[in-house]
2 protein chains.
Amino acid sequence: MAVTSPSRTQEERSRDMRALLIEATLDCLQAQGFHGASLSVILDRAGVSRGAWAHHFSSKHDLLAAAAEAMMAEAAVAARAVTATLDGEEDRFAALIEQVWQRFYRGRHRDVLFELVVACRTDGELAQRLRPVFIELIESFRGAWGSATPDASGGGDLLTLTLFVLRGMAMQEMLAESADGQAALRGLWTGISRDFLQSRHDRPLRQGAGGPLLGAIT
Amino acid sequence: MAVTSPSRTQEERSRDMRALLIEATLDCLQAQGFHGASLSVILDRAGVSRGAWAHHFSSKHDLLAAAAEAMMAEAAVAARAVTATLDGEEDRFAALIEQVWQRFYRGRHRDVLFELVVACRTDGELAQRLRPVFIELIESFRGAWGSATPDASGGGDLLTLTLFVLRGMAMQEMLAESADGQAALRGLWTGISRDFLQSRHDRPLRQGAGGPLLGAIT
DNA sequence: CGGCATACAAACCAATCGGTCGGTTTCTTT
DNA sequence: AAAGAAACCGACCGATTGGTTTGTATGCCG
């Protein structure tokens, strides 16, 4: 018999353990919130010891930040994939909004995202570390939006407004889930924004909306 | 000389102490966030002892809930006062949105509100206790909205959408304050929504927006 | 095979958490 | 004035926090 072949490489073990801890962290953030996601709870859920965590992360803060980065990075990938799914849709505009809603403003991603945003407000260090991934996700949205609304002009602001609406809608659902999941209001918004895009060519808007606009974050 | 007259009545002292603790709690929620607002920090800011807190509140949870209720109740009063300030405004619609933004989606109220909403997600007890005050504030908004958009039909959904936009906008500002405080995008939204209200009489919306709509919360 | 670094476990630690308790001051009541 | 209740203080408590350390098993490499 040959030398005992390692069942799993060290690199594999390391990678898997990190992923396991990160996943448990995200689950805890959803289930218990930021203040309830203590190290003990996270490790208990992951089913590993304190030493495992200490070996792979320098602090609890580090674990949280890594988990946040992982979730956001994965989200950015998914956001870029959305564009492809729009092919064949008769109403690319409505389909895009619906997809973004379903994937990014519901479930664990939404729950954890809100925890993170609120945490970032009082934790400059975390905010600074997460800024790149926030921006990356938004840029991915912008790309998908551009492919769904071919006419170049003015779409940027409308995307920002759309994300505002989805966020406010998500906040609403967090407090009290509605029966239809706010589908009716999303339909209303889709109609309003499309009408606006349509009529925008002909007549100017009553109230000026000039001025520099900064990109939305998440 | 008469018997030593008390400088302050017991009822006064009690009321003031409660208010002092509540105020300190709200300040801490803004400055340190939910997870950072420990009892020690709050009491230190208020400048009172642990015993004072214990005498007036049954638990930390109780203090937090009381502080939240106080802030929301005060906000509801302010929301009802907004209607009056609209008199004399040439553009009541835009003025209302601006007032709501300035008073309820900026500063301490916004910061604490987001902390509370996120906390409520994982704290059913708190959520249940705060639900009435959330609803009360929204109802106050609805009253003001009705007075700014006299034509009865359909305004309700548009108010909800407007609150969604303001929330999403507030979330944006929490992460990264913009130079103009999102004034341009508010202007854009004001124009879009007014156009929609205007054109709503003539032609129907492309995509149906029927179905029962639940009232927005906060 | 053997020396070694990595991966992980579990006991341990000081600090802080929310909460309690005996004691003192301040108002109220008779 | 005296007795009693309410307001308030500050020391104290057990539980839990994030973090460390010591020990062991396992994959890596000469």
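Every heavy atom of this structure was used, including side-chain atoms; hydrogens, water molecules and symmetry mates were not. Lettering follows sequence order; numbering is per chain, from 1.
- A salt bridge does not link Arg106(B) to Asp111(B): none of the charged side-chain nitrogens sits closer than 4.0 Å to a carboxylate oxygen.
- One atom, NE2 of His55(A), and another, C1' of dG19(D), lie 16 Å apart when rounded to the nearest Å.
- The Gln10(B) side chain lies nearest to dC27(C) when the options are dT26(D), dC27(C), dA9(C).
- Within the structure, every side-chain polar atom (N or O) of Ser49(A) is placed at least 4.0 Å from both OP1 and OP2 of dA10(C).
- Under the 6.0 Å cut-off for aromatic ring centres, Phe141(A) and Phe104(A) qualify, their centroids lying closer than that.
- Taking side-chain N and O atoms only, Ser7(B) has a distance below 4.0 Å to OP1 or OP2 of dC27(C).
- Salt bridge Glu173(A)/Arg110(A): absent, no basic N to carboxylate O contact under 4.0 Å.
- Whole-Å rounding puts the Arg8(B) CZ to dT28(C) C1' distance at 16 Å.
- The CG-P distance, from Asp44(A) to dA10(C), rounds to 12 Å in whole Å.
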Once each nucleotide of nucleotides 13-24 of chain C is scored for protein heavy atoms under 4.0 Å, what B/S/- sequence comes out, 5' to 3'?
----SBBB----

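- Considering only side-chain N and O atoms, His56(A) lies under 4.0 angstrom from the phosphate OP1 or OP2 of dC8(C).
- Rounded to an integer number of Å, the gap from Asp16(A) CG to dG27(D) P is 13 Å.
- Whole-Å rounding puts the Glu12(B) CD to dA6(D) P distance at 17 Å.
- Residues satisfying the salt bridge (charged side-chain N to carboxylate O under 4.0 Å, His left out) criterion with Arg50(B), sequence neighbours excluded, are absent altogether.
- Remark: C1' of dT17(D) and CG of Leu64(A) are 14 Å apart, rounded to the nearest angstrom.
- Aromatic pair Phe196(A)/Trp189(B): ring centres not closer than 6.0 Å.
- A salt bridge is defined here as a Lys NZ or Arg NE, NH1 or NH2 lying under 4.0 Å from an Asp or Glu carboxylate O, and Glu23(A) with Arg45(A) fails to meet this definition.
- The nearest whole Å value for the distance from the CE atom in Met17(A) to the P atom in dG27(D) is 13 Å.
- Phosphate contact (OP1/OP2 of dT28(C), side-chain N/O of Thr9(B), threshold under 4.0 Å): present.
- Going from atom NE2 of His35(A) over to atom P of dT16(D) covers 15 Å, rounded to whole Å.
- A salt bridge links Arg8(A) to Asp16(A): one of the charged nitrogens lies within less than 4.0 Å of a carboxylate oxygen.
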